[in-house]
Structure formats: structure tokens, C-alpha cells
Amino acid sequence: QVQLVESGGGLVQAGGSLRLSCAASGRTFSSYIVAWFRQAPGKERELVAAPSWNAGSTYYPDSVKGRFTISRDNAQNTRYLQMNSLKTEDTAVYYCAARPRTTWSGTIYYTRPQLYDYWGQGTQVTVSS
């Protein structure tokens, strides 16, 4: 089992940047696929970044493509979400989520939140105009 803790959220003006962190304890992150989701008030939880099953590529929805980037620090057992050119519509609670990495199952990207087993507590990101 793995425990996830997000940090790095806050208040930023439109056009600014934030970097969110997702630290893992309990198990090494290399055994897991780690994705990022967000949920705004009154809206469903949506994916913002998902590595492929073999970590060879990353899926970003059009809403964040070109502005958000994920990265990793294996030594620190931490994943990051770099968010640039933030917009007011990016305001939400951001979550990292993990699922065990398995052999090829026919799915390249796991994009639905129901497919992830472990979740952090979330960190609030507020973008002001």
C-alpha cells in the first residue's frame, strides 16, 4: 500500500505558475502509475495528466496541454505537476492518484478516476483574475 501527500497549492494570479508535489510513503513510486486530477466545486473530478502504462509518454487533456507538465524525482519518491500560464478556470482541488503498475493490459492511459486505488488528500489551487 502507498500513502500520498500533496503540497504546493495556493493562491496565484492568472498567468502565474505553481508546482504541486505528491510525496509517497509506504512503497516506492516506481511500482505505481501516478496521475493528477482536479475537482472544481460542483463539477466532476477530471484528469489533468496521466503517464502511460510503461511511463513512456504522458496524456494531457486539451484544457491543460502545453501548460501543465509532470515530472518525477525517484530519489525523493516524489512526483510533480508544474502548472504554467494558469487561468481562472484552473481553480480546483488538485489530487494525485496511484495505481499499481502492471504488465501490458491493452490500456495505454488510465484516464478515469475509478481506475486509481490510492489518493492524496488534495491541495487547493486558486487562480485570481
Side-chain angles (χ1 to χ4, degrees):
Q1 195 167 3
V2 63
Q3 292 79 42
L4 309 177
V5 178
E6 299 102 336
S7 61
L11 174 64
V12 63
Q13 287 191 327
S17 298
L18 280 176
R19 188 178 77 161
L20 306 184
S21 300
C22 177
S25 62
R27 296 288 296 272
T28 177
F29 252 156
S30 62
S31 302
Y32 294 84
I33 296 171
V34 179
W36 290 87
F37 292 81
R38 68 185 180 187
Q39 189 165 20
K43 294 188 177 181
E44 293 187 351
R45 192 165 296 188
E46 64 171 350
L47 178 76
V48 296
S52 60
W53 71 281
N54 63 353
S57 59
T58 304
Y59 169 80
Y60 301 95
D62 289 344
S63 57
V64 308
K65 191 177 297 182
R67 301 188 298 121
F68 289 13
T69 306
I70 60 173
S71 61
R72 65 172 64 188
D73 184 336
N74 289 333
Q76 297 296 324
N77 218 24
T78 301
R79 295 291 186 267
Y80 301 99
L81 177 67
Q82 178 68 44
M83 306 185 295
N84 298 328
S85 303
L86 282 162
K87 306 175 181 180
T88 55
E89 52 263 43
D90 294 319
T91 295
V93 177
Y94 283 71
Y95 300 88
C96 60
R99 59 171 284 131
R101 188 181 304 281
T102 63
T103 55
W104 171 246
S105 64
T107 300
I108 299 176
Y109 301 109
Y110 296 91
T111 59
R112 293 185 293 128
Q114 298 89 333
L115 298 176
Y116 289 82
D117 302 307
Y118 306 102
W119 291 81
Q121 83 287 356
T123 185
Q124 176 70 46
V125 172
T126 303
V127 184
S128 64
S129 59

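Every value quoted in this text rests on a predicted model; they were computed, and no experiment measured them.
Surrounding CD of Q13 are at most 12 heavy atoms belonging to other residues, nucleotides or ligands under 6.0 Å away. Around CD of Q114, the count of heavy atoms belonging to other residues, nucleotides or ligands within 6.0 Å exceeds 12.
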Side chain to side chain contact (heavy atoms under 4.5 Å, CB included) between Q1 and Q3, intermediate numbers included: CA-CA 7 Å; Q1 195 167 3; Q3 292 79 42; 4.0 Å; yes

Steps toward side chain to side chain contact (heavy atoms under 4.5 Å, CB included) verdict (R99, L115): CA-CA 7 Å; R99 59 171 284 131; L115 298 176; 3.6 Å; yes

Candidate pair E6 and Y94, rule side chain to side chain contact (heavy atoms under 4.5 Å, CB included), full reasoning: CA-CA 8 Å; E6 299 102 336; Y94 283 71; over 6 Å; no

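Considering every non-hydrogen atom in both A55 and R72, the closest pair reads CB-NH2, 3.6 Å. For the pair L47 and P61, the tightest heavy-atom approach, listed with the atom from each and the gap, is O-CG, 3.3 Å. Residues Q82 and S17 share a closest heavy-atom pair of NE2-CB, 3.9 Å. In terms of heavy-atom proximity, L4 sits nearest to Y118 at CD1-O, 3.5 Å. Closest heavy-atom contact between S63 and R38: OG-NH2, 3.8 Å. Between V2 and A24, the closest heavy-atom pair is CG2-CB, 3.8 Å.
Note on V64 and V125: same hydrophobic cluster, where clusters join Ile, Leu, Val, Met, Phe, Trp and Tyr whose side-chain heavy atoms are under 4.5 Å apart, directly or indirectly. Neither W36 nor W119 shares a network with the other; the hydrophobic side chains, linked directly or stepwise wherever heavy atoms of I, L, V, M, F, W or Y lie under 4.5 Å apart, form separate groups for each. Grouping the Ile, Leu, Val, Met, Phe, Trp and Tyr side chains by contacts below 4.5 angstrom, directly or via other members, places L20 with V127. Note: the hydrophobic cluster containing V34 does not contain F68 (ILVMFWY, side chain heavy atoms under 4.5 Å, direct or indirect links).
Judged by distance alone, with hydrogens and angles left aside, the side-chain atoms of R101 form a donor-acceptor pair with the main-chain N or O of W53 at under 3.5 Å. The closest donor-acceptor contact from the side chain of Y116 to the backbone of Y110 lies under 3.5 Å. Of the possible donor and acceptor atoms, none in the side chain of T78 sits under 3.5 Å from a partner among the backbone N and O of A23. Within the 3.5 Å criterion, the main-chain N or O of S57 finds a donor-acceptor partner in the side chain of S52. When atom types are taken as modelled, the side chain of N77 and the backbone of F29 share a donor-acceptor pair closer than 3.5 angstrom. At distances below 3.5 Å, not a single donor-acceptor pair connects side-chain atoms of Q121 with backbone N or O atoms of V5.
One distance of note links OH of Y59 with CD1 of I108; it measures 12.5 Å at 0.5 Å rounding. Taken from NZ in K65 to OG1 in T58, the straight-line distance is 11.5 Å, to the nearest 0.5 Å. Distance CE/M83 to CD1/I70: 13.5 Å, rounded to 0.5 Å.
Between the side chains of T69 and Y60, no donor-acceptor pair of N or O atoms lies under 3.5 Å.
A cation-pi arrangement, defined by a distance under 6.0 Å to the six-membered ring centre and an angle within 45 degrees of its axis, is absent between R45 and F37.
Salt-bridge annotation for K87 and D90: absent, with no side-chain N of the basic residue lying under 4.0 Å from a carboxylate O of the acidic one.
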